[in-house]
Q: 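Take this structure, written in structure tokens, and hold onto it; I'll ask about it next.
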There are 2 protein chains.
Amino acid sequence: MSKKADSTKRERDPAATRQRLIDATVRLMLQQGFSATSVDQICKEAGMTKGGFFHHFENKEALGKAAVEWWGQMGTALYADAWKDTTLDPLEQLHRMFDIMVGFTRRSDDPVVCMVGMMSQEMSATNPVFQAACDKELNLWTTNVAKMLTAAKKRHKLKTKFDPMQVAWFLNSLWQGSMLVGKTCRSQELIRHNLKLARDYVDSLFANP
Amino acid sequence: MSKKADSTKRERDPAATRQRLIDATVRLMLQQGFSATSVDQICKEAGMTKGGFFHHFENKEALGKAAVEWWGQMGTALYADAWKDTTLDPLEQLHRMFDIMVGFTRRSDDPVVCMVGMMSQEMSATNPVFQAACDKELNLWTTNVAKMLTAAKKRHKLKTKFDPMQVAWFLNSLWQGSMLVGKTCRSQELIRHNLKLARDYVDSLFANP
DNA sequence: TTGGACATACAAACTGGTTGGTATGTAAAA
DNA sequence: TTTTACATACCAACCAGTTTGTATGTCCAA
């Protein structure tokens with residue numbers, strides 16, 4: 001009866017259309033990268049015409065930025081099981097995070113990839129918008145990991161002194177590099193081995209296993 | 001007197017021209033990536049016309065492959081000081097390698113980048129030629145590092161058991177990831193911190209420091 | 001020693017197709 | 001009736017690659 005009662009029935013759903021464009025972009029970009037993905041291609045993938053596209057996004061760059069941001073939100077959601085459960089021993093939180101990352105390598109035979117990493121490598125040197133967007137996402141991941149490491153420091157005896165932020169950047173770099181190398185060498189196992197060593201490395205920082 | 005005595009005087013030097021094209025490509029690609037670098041741009045940078053370009057390379061892909069291979073040779077030469085001196089304690093060799101890598105971060109204010117890593121991230125999922133070329137270079141680096149680790153295992157007591165090849169992939173991934181993250185976060189210091197932790201990690205595998 | 005046949009190393013101009021982006025039209029929703 | 005959400009048609013610039021022309025070198029025969 002209310003004016004918005006049948007709003008779900010309307011075929012026109014600009015928010016969903018916008019998301020469709022972002023989804024299509026993510027799908028294509030994860031395989032081809034940004035430059036190699038054309039607006040025409042994105043429109044086709046999303047079942048749109050170019051006119052519609054430029055109604056939702058000012059230009060290709062704006063879409064790319066939106067895609068990176070959406071990827072960041074997705075990622076945060078995927079890590080939430082590990083990151084959000086603060087009742088957990090922070091070391092156990094970190095282990096759960098590693099479990100989630102290992103899980104990424106088992107979801108399919110496609111290589112594990114990260115939009116942020118791909119965009120960083122391809123665009124951050126020339127495009128300040130993408131550089132800033134990627135920098136933000138990388139910092140977010142690192143900060144979350146650093147928080148757990150800091151908390152772990154308080155609950156566990158240390159075997160080695162370390163700076164949580166430095167170790168977190170170390171892990172972020174390793175993770176990004178693992179996806180990069182794993183993609184080219186076509187080996188998910190390589191990624192899993194790296195994650196195993198990283199996990200052991202984190203454990204080795206603390207006295208009590 | 002010989003027929004080839006004055007061959008150096010000729011202005012036409014196809015080998016040098018070819019190299020000029022490769023150099024130009026490397027310079028442009030390290031900043032913009034492969035897709036974003038056009039053949040016109042490369043020709044302009046190399047002081048060539050397109051007709052000349054396609055005399056030396058069958059297509060853009062062939063040039064890209066040549067550029068990756070040349071980058072690999074360059075890299076091997078840069079690491080030679082550490083890798084080739086087999087009279088050295090292999091652990092010392094590894095330390096020298098880390099020194100060289102740290103040196104890369106101090107050469108200029110420009111980010112430390114790797115053609116192989118960039119090409120891997122951008123092209124290896126879609127282009128089999130580049131995938132194979134990058135895979136080869138990544139394997140070469142890893143194998144060299146693994147050799148030193150294997151040699152180090154024989155001369156030093158172990159604190160932890162480890163597989164040299166796995167650790168070498170771990171280090172390769174970390175190195176590639178460090179350049180990636182360092183570029184986006186605009187921090188050479190981040191890379192140096194990562195290298196410090198990696199160095200300590202390698203040391204931690206052995207009993208005698 | 002020289003001169004001509006031939007191959008090599010480029011340059012200039014062009015081609016068909018693609019690029020990101022725009023101008024304009026139209027139907028649905030408010 | 002106005003605004004929003006698209007579709008259609010179009011554009012100039014650019015893309016990788018080709019065609020064609022020409023200057024330069026190489027080799028062999030006279």
Q: Tell me the interatomic distance from B:M48, atom CE, to C:dA12, atom C1', rounded to whole angstroms.
A: 13 Å
Q: On the six-membered ring of B:Y79, is B:K84 placed so that its NZ or CZ lies under 6.0 angstrom from the centre and within 45° of the ring axis?
A: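 Not satisfied by the 6.0 Å and 45° rule.
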Q: Give a yes/no answer on whether the side chain of B:T17 brings an N or O atom under 4.0 Å of OP1 or OP2 in C:dC10.
A: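 Looking at the OP1 and OP2 atoms of C:dC10, one of them is under 4.0 Å from a side-chain N or O of B:T17.
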Q: Should the side chain of A:K50 and the base of D:dA7 be counted as holding a donor-acceptor pair, with the cut-off at 3.5 Å?
A: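 Looking at the base of D:dA7, it does not pair with any donor or acceptor on the side chain of A:K50 (distance under 3.5 Å).
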Q: Write down the distance between CZ (A:F53) and P (D:dA7), rounded to a whole number of angstrom.
A: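 After rounding, the gap between these two atoms is 13 Å.
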Q: If you only use heavy atoms from C-beta on, which nucleotide in D:dC15, D:dT18, D:dC6 is closest to the side chain of B:D40?
A: D:dC15
Q: Can you check the B:L63 CG to D:dG17 C1' distance for me, whole Å?
A: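 That distance rounds to 14 Å.
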Q: If you check every side-chain atom of A:K60, which of D:dA16, C:dG21, D:dA5 has the closest atom?
A: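 Out of D:dA16, C:dG21, D:dA5, the nucleotide with an atom closest to A:K60's side chain is C:dG21.
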Q: Just the rounded figure in Å: distance from P of C:dG20 to CG of A:L28.
A: 12 Å
Q: Quick one: is A:H56 getting a side-chain N or O under 4.0 Å of the D:dC6 phosphate, OP1 or OP2?
A: yes
Q: Does A:F34 or A:G51 map to a spot on DNA chain C nearer the 5' end, using the closest nucleotide for each?
A: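 Closest to the 5' end, via its nearest nucleotide, is A:F34.
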Q: Which part of the nucleic acid, if any, lies within reach of A:S35 when heavy atoms closer than 4.0 Å are counted: base, sugar-phosphate only, or nothing?
A: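 Counting heavy atoms under 4.0 Å across all strands, no contact is made by A:S35.
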Q: Separation of B:Q41 atom CD from D:dC15 atom P, in whole Å?
A: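 Rounded to whole Å, this separation is 7 Å.
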Q: Return no unless some side-chain N or O of B:H55 is found under 4.0 Å from OP1 or OP2 of C:dC10.
A: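 Checking C:dC10 against B:H55, no side-chain N or O comes under 4.0 Å of OP1 or OP2.
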Q: Tell me, with the steps shown, if B:Q93 and B:D85 meet side chain to side chain donor-acceptor pair (under 3.5 Å).
A: CA-CA 7 Å; B:Q93 278 185 279; B:D85 192 348; over 6 Å; no
Q: What about the rings of A:F162 and A:Y201, do their centers lie closer together than 6.0 Å?
A: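 Not under 6.0 Å, so no.
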Q: Could you check how far CD1 of A:I42 sits from C1' of C:dT18, rounded to whole Å?
A: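 Going from CD1 in A:I42 over to C1' in C:dT18 covers 14 Å.
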Q: Would you say B:K147 has more than 12 foreign heavy atoms packed within less than 6.0 Å of its NZ?
A: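 No, the 6.0 Å shell around NZ holds no more than 12 heavy atoms from other groups.
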Q: Whole Å only: how far is the CZ atom of A:R18 from the C1' atom of D:dC6?
A: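 About 16 Å, once rounded to whole Å.
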Q: Just the rounded figure in Å: distance from C1' of C:dC10 to CZ of B:R20.
A: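 That distance rounds to 10 Å.
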Q: Determine whether A:Q176 and B:Q176 satisfy the following criterion, side chain to side chain donor-acceptor pair (under 3.5 Å), listing intermediate values before the conclusion.
A: CA-CA 8 Å; A:Q176 287 294 339; B:Q176 287 294 340; over 6 Å; no
Q: Ignoring backbone atoms, establish whether A:S38 has a side-chain N or O less than 4.0 Å from OP1 or OP2 of C:dT18.
A: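 No, because none of the side-chain N or O atoms of A:S38 sits under 4.0 Å from OP1 or OP2 of C:dT18.
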